[in-house]
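Working notes, structure below.
All values reported here derive from a predicted model rather than from experimental measurement.
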Amino acid sequence: MTNFEKWKQNLKPEDLIIDKGENIDEDECRHVVGIADNCSNCPANGKCGHDFWTDCGEAFMEWALEETEDACNE
């Protein structure tokens, strides 16, 4: 099982989409992608290897495709 497969087992829409509410400026988007908003919302936070040379998308994909740490116990 990959990290992504394990993560999506308990995934809820609110984990991916943040609703900023009705009273936002016209120039702002009401709904934003939750994990792109900041690293603290990302399931790979602290485990992704994101650095100056690796962008967020690449780092997330590397994390998502890795086998879970507890794969040996399954």
Q | Qualifying residues under side-chain contact (heavy atoms from CB on, under 4.5 Å), relative to L11, sequence neighbours excluded | A | W7, K8, D15, L16
Q.
If I compare all heavy atoms of N3 with all of T68, which pair ends up nearest, and what's the gap?
A. OD1-CA, 3.4 Å
(Q) The criterion is side-chain contact (heavy atoms from CB on, under 4.5 Å); which residues satisfy it with E5, sequence neighbours excluded? (A) M1, T2
Q. From F4 CZ over to M61 CE, what is the distance, rounded to the nearest 0.5 angstrom?
A. 8.5 Å
